[in-house]
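Both backbone and side-chain heavy atoms feed into the values below; hydrogens, waters and symmetry mates do not.
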Amino acid sequence: MSTVDWTADANDALTLSLVRAKEDKQVLGDEETYEEFHPAFTYPIYGEDEKIYGYQDLVIDLRFASGSLAQYLSVRYAEKLDASTTVDNVEGILKEFIPPDYDTDEEAFLSRVEEDAVSFRPIGKLIHSYTRPAPSTSESTSATSEAVEFEVYHATWKDPGFREYHRRMQLFILLYIEAGSYINEDDDAWEFSVLYEKRKRQSGTETYHFIGYSSLYNFYCFPEKLRMRLSQFVIIPPYQRHGHGSELYNAIYNYVLSRPSLSELTVEDPAEAFEDLRDRNDLKMLLANEQFMQESFGGEVVSHSGGKVRKPKSRARATPMGASSGTVKGKGKMGPPVDKAWAEKWRTQLKIAGRQFQRLVEMLILMHLDPADIRAARAYRLQVKERLYRFNFEILAQLEKQERLEKLEETFQSLREDYLRILAMIK
């Protein structure tokens, strides 16, 4: 047989399941499933090529108790090459990344699932909760028709049992965050926000089920405060695209707002999908802040049009001198250009990182910019280009003047298109 017959794709071979107790499965909606999904990445475990050699029809069955995250591991295959050949030790490699107390006996694991479902409770302090309508089910009962609750808990290494719990959930960082890595348990600056589903059984008993979490790191911020950096953020696939990521992010942001010792929330090297999530939620927060919006745009009547950004006219005429441009001048601090001292006051109060707040300001101005107002459009363009120049100074400074101007214009146009894309998501 050829070599390819003995090579398995690690992402396909590794099957993940969050297993619920029998009574918990009884109240699930018809479309709900939390078992047999796959990782996005396995290269941190099985190497850059994400290939496993030496097996045919390989299945790596890794299951978690849905709340306690107690683990079960089984490796199955149709055929294995002779031991004398170089064959990957599938379980031996994976067990280096998970706690040693995993089960290999399926019956013992399922018994543990039943026990843990009743006894497990989230570790830490409840900081946020919300509800969602219960998913539809073919069997309508009083229990299944109730709304489903979700809760976010904030924890640190000091919370009893959390260090051990973190060792079980940290694997999801490697499997779903590109370039994700395990953190140092000996560093006390880490904090965590963990999201759970709280589901009521038909008997009325409430059980908890893991959805995702974020790791947060505290940095010193001159002169006497801390800056909190959102370092890792993961929602497991069965719960994705249901708004749970936004709820977790907003819970973290509001937690930062509530702590006087924290000066701002920053994000470490965000992926594009997370950056979009952050932008959407930050924009919605600003749009809902009546005082901020009143100061931003003055007495101008602002219509958000459900978040839809109107398309600028392709052949706008210049506004004659002395004629109304369609926007109220001198009333709003957003300008353009924005009043920098005013913006910094709000940025500090809202605890948003500098570059992020500047981007949000630029998006809001664009959202309310009259495409027929040539002067405002020019002021806006200059404001954005000034920030872009400062942010990319080392690269731009090496270019000739004309090339630098062209590069800035190209970057501005690309950024403007991206802003319009993000603004169109706001509902």
Side-chain angles (χ1 to χ4, degrees), residues 124-130 150-159 166 173 177 179-180 183-184 187-195 211-235 243-289 291-293 296 338 340 342-364 387 391 419 422 425-426:
K125 176 186 176 183
L126 176 65
I127 61 169
H128 177 58
S129 63
Y130 59 100
F150 299 88
E151 296 180 344
V152 179
Y153 285 78
H154 195 81
T156 69
W157 299 133
K158 295 178 182 178
D159 289 298
H166 178 265
I173 298 298
I177 298 180
I183 63 174
N184 181 8
D187 193 333
D188 290 334
W190 287 105
E191 298 183 19
F192 305 87
S193 290
V194 189
L195 175 59
I211 294 177
Y213 79 102
S214 180
S215 55
L216 311 159
Y217 194 83
N218 288 306
F219 283 97
Y220 169 70
C221 182
F222 181 84
E224 54 185 12
K225 290 194 175 186
L226 294 171
R227 177 184 291 113
M228 180 166 276
R229 182 181 71 188
L230 194 157
S231 179
Q232 300 168 323
F233 190 99
V234 63
I235 300 292
H244 296 300
S246 291
E247 292 285 354
L248 179 56
Y249 172 76
N250 287 325
I252 294 167
Y253 174 70
N254 288 321
Y255 173 77
V256 171
L257 279 182
S258 72
R259 279 185 50 185
S261 62
L262 295 174
S263 65
E264 66 182 35
L265 175 65
T266 66
V267 178
E268 177 186 355
D269 192 23
E272 185 175 325
F274 181 82
E275 198 160 35
D276 281 356
L277 180 149
R278 181 192 188 191
D279 288 343
R280 289 197 309 270
N281 285 284
D282 285 352
L283 280 169
K284 287 178 181 178
M285 179 271 296
L286 291 176
L287 287 167
N289 189 317
Q291 183 181 350
F292 174 80
M293 292 302 293
S296 296
V338 66
K340 291 183 179 180
W342 169 87
E344 178 59 19
K345 180 202 74 173
W346 272 102
R347 185 200 72 78
T348 304
Q349 181 178 324
L350 295 171
K351 299 187 179 183
I352 299 176
R355 177 173 175 267
Q356 174 67 0
F357 192 73
Q358 289 175 328
R359 292 177 67 253
L360 295 169
V361 164
E362 290 166 5
M363 282 186 246
L364 287 173
R387 180 183 67 79
F391 186 70
Y419 283 173
I422 294 165
M425 298 179 189
I426 307 299

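- Put simply, the side chain of Tyr253 reaches to within 4.5 Å of the side chain of Leu350, judged on heavy atoms.
- Of the N and O atoms on the side chains of Arg355 and Gln358, not one donor lies less than 3.5 Å from an acceptor on the other residue.
- Closest heavy-atom contact between Leu262 and Lys351: O-NZ, 2.9 Å.
- With a 4.5 Å cut-off on side-chain heavy atoms, Ile426 and Arg280 count as touching.
- Within the 4.5 Å cutoff, side-chain heavy atoms of Leu364 are placed close to those of Leu287.
- Considering NE2 of His244 and CZ of Phe150, their distance stands at 4.0 Å, rounded to 0.5 Å.
- Comment: Arg347 engages Glu344 in a salt bridge, judged by a side-chain N to carboxylate O separation of less than 4.0 angstrom.
- You'll find the side chain of Lys225 stays beyond 4.5 Å of the side chain of Ser261, heavy atoms only.
- The main-chain N or O of Asp187 is found under 3.5 Å from a side-chain atom of Trp157 such that the two form a donor-acceptor pair.
- The 12-atom threshold is exceeded at CZ of Phe219, counting heavy atoms of other residues, nucleotides or ligands nearer than 6.0 Å.
- Trp190 and Phe192 have parallel rings, their planes meeting at less than 30° on a 0 to 90° scale where 60° marks the start of perpendicular.
- Looking at heavy atoms from C-beta onward, Glu191 lies in side-chain contact with Asn218 at the 4.5 angstrom threshold.
- In this structure, the separation between OG1 on Thr266 and CD1 on Ile352 is 12.5 Å, given to the nearest 0.5 Å.
- For Phe222, the CZ atom sits in a loose shell: 12 or fewer heavy atoms of surrounding residues, nucleotides or ligands are nearer than 6.0 Å.
- Nearest heavy-atom pair, Gly124 versus Tyr153, reported as atom, atom and distance to 0.1 Å: O-CD2, 3.8 Å.
- Considering only heavy atoms from C-beta on, Ile183 stays 4.5 Å or farther from Tyr217 through its side chain.
- Nearest approach of Ile173 to Gly180, heavy atoms of both residues: CG2-CA, 4.0 Å.
- At a threshold of 4.5 Å between non-hydrogen side-chain atoms, the residues Tyr419 and Glu362 count as touching.
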*Give the intermediate values and the outcome of side-chain contact (heavy atoms from CB on, under 4.5 Å) for residues Gln291 and Trp346.*
CA-CA 11 Å; Gln291 183 181 350; Trp346 272 102; 3.9 Å; yes

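- To the nearest 0.5 angstrom, Tyr255 atom OH is 8.5 Å from Leu216 atom CG.
- Nearest approach of Phe233 to Gly245, heavy atoms of both residues: CZ-O, 3.3 Å.
- For Lys345, the NZ atom counts as densely surrounded, since its 6.0 Å shell holds more than 12 non-hydrogen atoms of other residues, nucleotides or ligands.
- Rounding to the nearest 0.5 Å places CG of Leu195 at 10.0 Å from CD1 of Ile127.
- Taking CZ of Arg227 as the start and CG of Leu265 as the end, the distance is 11.0 Å to the nearest 0.5 Å.
- One N or O on the side chain of Ser214 and one on the backbone of Gln232 form a donor-acceptor pair closer than 3.5 Å.
- Looking at Arg278 and Val267, their side chains come closer than 4.5 Å, going by heavy atoms from C-beta outward.
- When the shell of 6.0 Å around CD of Glu272 is examined, it contains 12 or fewer heavy atoms from other residues, nucleotides or ligands.
- For the atom pair Ile235 CD1 and Tyr249 OH, the distance stands at 14.0 Å (nearest 0.5 Å).
- Side-chain atoms of Asp282 never come within 3.5 Å of backbone atoms of Asp279 as a donor-acceptor pair (strictly under, hydrogens ignored).
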